[in-house]
Amino acid sequence: MLSAVEFSGGQLVGLARTAMSGTPDYQSLPGVGDEEAWVQSRHWWVSGPSGQNVTMDEGGLPLLPDSLVYQIFLSLGPADVLAAGLVCRQWQAVSRDEFLWREQFYRYYQVARDVPRHPAATSWYEEFRRLYDMVPCVEVQTLKEHTDQVLHLSFSHSGYQFASCSKDCTVKIWNNDLTISLLHSADMRPYNWSYTQFSQFNQDDSLLLASGVFLGPHNSSSGEIAVISLDSFALLSRVRNKPYDVFGCWLTETSLISGNLHRIGDITSCSVLWLNNAFQDVESENVNVVKRLFKIQNLNASTIRTVMVADCSRFDSPDLLLDASDQAGLPCRVFDLGGDTEEEATDPGLHTSGSDHVKKGLRRVFDSVLDGHGQLSDCALETKVAELLAQGHTKPPECNDADTRNKYLIFTTGCLTYSPHQIGIKQILPHQMTTAGPVLGEGRGSDAFFDALDHVIDVHGHIIGMGLSPDNRYLYVNSRAWPPGSVVADPMQPPPIAEEIDLLVFDLKTMREVKRALRAHRAYTPNDECFFIFLDVSRDFVASGAEDRHGYIWDRHYNICLAKLRHEDVVNSVAFSPQEQELLLTASDDATIKAWRSPRIVRVLQAPRPRPRPRPRPFFSWFASHRR
């Protein structure tokens, strides 16, 4: 019989592996959490060379005290701990110790020790299991119906269907069953489209918004939005959209937002955002089908792109408690534009009438240029004049933050260069959420030519993706950073961008950055070839594509990368099922869509069905045979 001194960790693992090799078929074992009952029902033990139970002495007492078994278990990996728990009742009890699994968790996932356990977690063991067993990282199906690059994926709110857009100029609608099948394919080439790029289901899943790019010259920026009925798959309406990477989005169940762009100068323009009725076959000429929402000035070749809507009424729904303990070290990126600026507060001349202020400002600029004191380039002079002209003709933000019925319009923009480096936020008030009323909008004075933004987030880099959390409170942003301290001297020559993609997180309730950047994914294209990479957020996870031929999944609470999902080319889009975060879809330039499920769901689906009470393969056995 072995003494406590002679009983080493290696021998303990050997006993565990002996136990594993002698167990029955795992498909017949109880589910996760029932290992103890299984051990007790079979009186499982390991016999030594002379036939004794090597975990018990002759009196039937444990050979090793719990404290020594615990210390040995600390030196083992998670799979070996789970295997050792099958040896006897004592080891099984020690193998579920909370402090043991806390140590395993921090060591295996390399989480900083000052990050607390997820507030919704019931135990460290279950939290370890959630991150290992419930992440959609097992490929279960590859869809090859598209014939060109797949650019975007979107789920219906029910999760029963999803849509895909592609360079093959089709919008495909799929049934999300256990085996995914194609339901309908709409070819948009008859409408002079070059390709489809984005889609979104309305709130009751009766309509699908599909956005595309028109055929035309390489530098053409025109696109169109189509509305498709999901009952008959009929095309209900088409709306112009410029530039095409505004994409478009739903504001209500029957109204959508589109964009238009008007050039004012060489690098100055005006973006107009329109609210459109999805049903435009209205018989009465007195009923509006379109209304102007906002008119926003663009400087230095920037434009408004990538519009989305966040619903303020959902901010208080249960969501992940983010760790904001390190906010003090985060840069200040969010600027509130609702009040007086510092310049306005200190310069009494700015409190004169708008036209007088503009005249004085223009006179100062031109006098400086004529005197030779101001060495301004043509672009800088145009921007300065445009800023001065807009100061007296911009409608200030309306302060109505207390109304939870409001919604935020969110979009990418800029002020220094054409590459999108800022996020604009504009409040949409309840009376603006209908096409009723004046076509050119309400409450605009004769001098208010432009609308001011409520908030601006400056990310100091090229924004290539945005996504909202399920409760619409947190905004996740893919950005490729500019070099620290970089200065934009020419709006047509933005700074070089990093290959690493930063995933930033902003709280729309407090308007603060709440997480340090997540990193793992990469992109390689330069500024003038950069394209959008769509990300998605579920209750616990955030996922993104990348140019390195992988999709990535992170945990929202612990800020750790949990999985890399392989494709043969760039991954353009990812989408979680809104009803089942253990299902993820990825779309790639390799013309495929891949479906990924969690190991837990895969075991459930593979479990034998005809038997009276089929049980999935337990987590501990799957872990032992599939260690990553």
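On a predicted model such as this, the values are computed, not experimentally measured, just so you know.
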Run Leu583 and Asn176 through side-chain contact (heavy atoms from CB on, under 4.5 Å) and show every step you take. CA-CA 10 Å; Leu583 170 63; Asn176 181 30; 3.5 Å; yes
So do [Y] and [X] actually touch side chain to side chain, heavy atoms under 4.5 Å?
| X | Y | answer |
| --- | --- | --- |
| Glu547 | Ile533 | yes |
| Asn472 | Leu508 | no |
| Trp250 | Val227 | yes |
| Glu580 | Phe155 | no |
| His262 | Ser269 | no |

Indicate yes or no for a side-chain donor-acceptor contact from [X] to the backbone of [Y] under 3.5 Å, with no hydrogens or angles considered.
| X | Y | answer |
| --- | --- | --- |
| Lys426 | Ala452 | yes |
| Gln297 | Phe450 | no |
| Asn300 | Ser302 | no |
| Asn276 | Val290 | no |
| Ser222 | Lys242 | no |
| His460 | Ala481 | no |
| Asn478 | Ser544 | no |
| Ser156 | Gly159 | yes |
| Thr306 | Phe411 | no |
| Ser573 | Leu153 | yes |

Which heavy atom in [X] sits nearest to a heavy atom in [Y], and how many Å separate them?
| X | Y | result |
| --- | --- | --- |
| Arg597 | Leu605 | CD-CD1, 3.8 Å |
| Gly248 | Ile225 | CA-CD1, 3.8 Å |
| Leu293 | Leu275 | CG-CB, 4.0 Å |
| Cys165 | Val171 | SG-CG2, 4.4 Å |
| Phe541 | Val135 | CZ-CG2, 3.9 Å |
| Tyr552 | Ala546 | CE1-CB, 3.9 Å |

Single hit among Glu582, Gln581, Arg556 for side chain to side chain donor-acceptor pair (under 3.5 Å) with Ser538: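 Checked Glu582, Gln581, Arg556 against Ser538; only one passes side chain to side chain donor-acceptor pair (under 3.5 Å): Gln581.
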Looking at Asn298, Thr303, Thr413, Asn260, which one forms a side chain to side chain donor-acceptor pair (under 3.5 Å) with Ser271?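 Looking at Asn298, Thr303, Thr413, Asn260, the match for Ser271 under the side chain to side chain donor-acceptor pair (under 3.5 Å) is Asn298.
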For the residue pair Ser229 / Asp231, report whether a side-chain donor-acceptor contact shorter than 3.5 Å exists.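 No - no donor-acceptor pair under 3.5 Å links their side chains.
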Just verifying a value: how many Å separate [X] [atom1] and [Y] [atom2], rounded to the nearest 0.5 Å?
| X | Y | atom1 | atom2 | value |
| --- | --- | --- | --- | --- |
| Tyr474 | Phe506 | OH | CZ | 13.5 Å |
| Ile304 | Gln422 | CD1 | CD | 11.0 Å |
| Ile553 | Cys137 | CD1 | SG | 7.0 Å |
| Ile228 | Ser206 | CD1 | OG | 12.5 Å |

Candidate pair Lys295 and Val272, rule side-chain contact (heavy atoms from CB on, under 4.5 Å), full reasoning: CA-CA 4 Å; Lys295 192 173 184 180; Val272 181; 3.9 Å; yes
What orientation do Phe534 and His152 show, parallel under 30°, tilted 30 to 60°, or perpendicular over 60°?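 Plane angle over 60°, so perpendicular.
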Which of parallel (below 30°), tilted (30 to 60°) and perpendicular (above 60°) describes Phe162 and Trp174?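 Parallel: the ring planes of Phe162 and Trp174 meet at under 30°.
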Can you list the steps and then say if Trp482 with Thr417 is a side-chain contact (heavy atoms from CB on, under 4.5 Å)? CA-CA 12 Å; Trp482 291 341; Thr417 179; 3.9 Å; yes
Electrostatic pair Arg473-Asp471, nearest N-O below 4.0 angstrom: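 No salt bridge links Arg473 with Asp471.
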With the threshold set at 4.0 Å, does a side-chain nitrogen-carboxylate oxygen contact exist between Arg566 and Glu139?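 Salt bridge flag = no for Glu139 with Arg566.
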Which residues share a side-chain hydrogen bond (donor to acceptor under 3.5 Å, both in side chains) with Ser479, sequence neighbours left out: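 Per chain and number, Ser479 pairs via side-chain hydrogen bond (donor to acceptor under 3.5 Å, both in side chains) with no residue.
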Suppose we screen for side-chain hydrogen bond (donor to acceptor under 3.5 Å, both in side chains). Which residues come up paired with Ser185, at least two apart in sequence or across chains?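 Expected list: Lys172.
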Out of Val574, Val537, Val505, Asp555, which residue meets the side-chain contact (heavy atoms from CB on, under 4.5 Å) rule with Val542?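 Result for side-chain contact (heavy atoms from CB on, under 4.5 Å) with Val542: Val537.
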Carefully, step by step, assess Val289 and Thr435 under the rule side-chain contact (heavy atoms from CB on, under 4.5 Å). CA-CA 6 Å; Val289 295; Thr435 56; over 6 Å; no
Can you list the steps and then say if Gln200 with Ser154 is a side chain to side chain donor-acceptor pair (under 3.5 Å)? CA-CA 6 Å; Gln200 186 182 42; Ser154 64; over 6 Å; no
With sequence neighbours excluded, what pairs up with Arg238 under the salt bridge (Lys or Arg N to Asp or Glu O under 4.0 Å) test?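 Salt bridge (Lys or Arg N to Asp or Glu O under 4.0 Å) list for Arg238, sorted by chain: Glu224.
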Between Phe247 and Phe532, is the ring centroid distance below 6.0 Å?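 Phe247 vs Phe532: aromatic centres under 6.0 Å.
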Enclosure of Phe233 CZ (heavy-atom neighbours >12, cutoff 6.0 Å):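 It does: Phe233 CZ has more than 12 such atoms within range.
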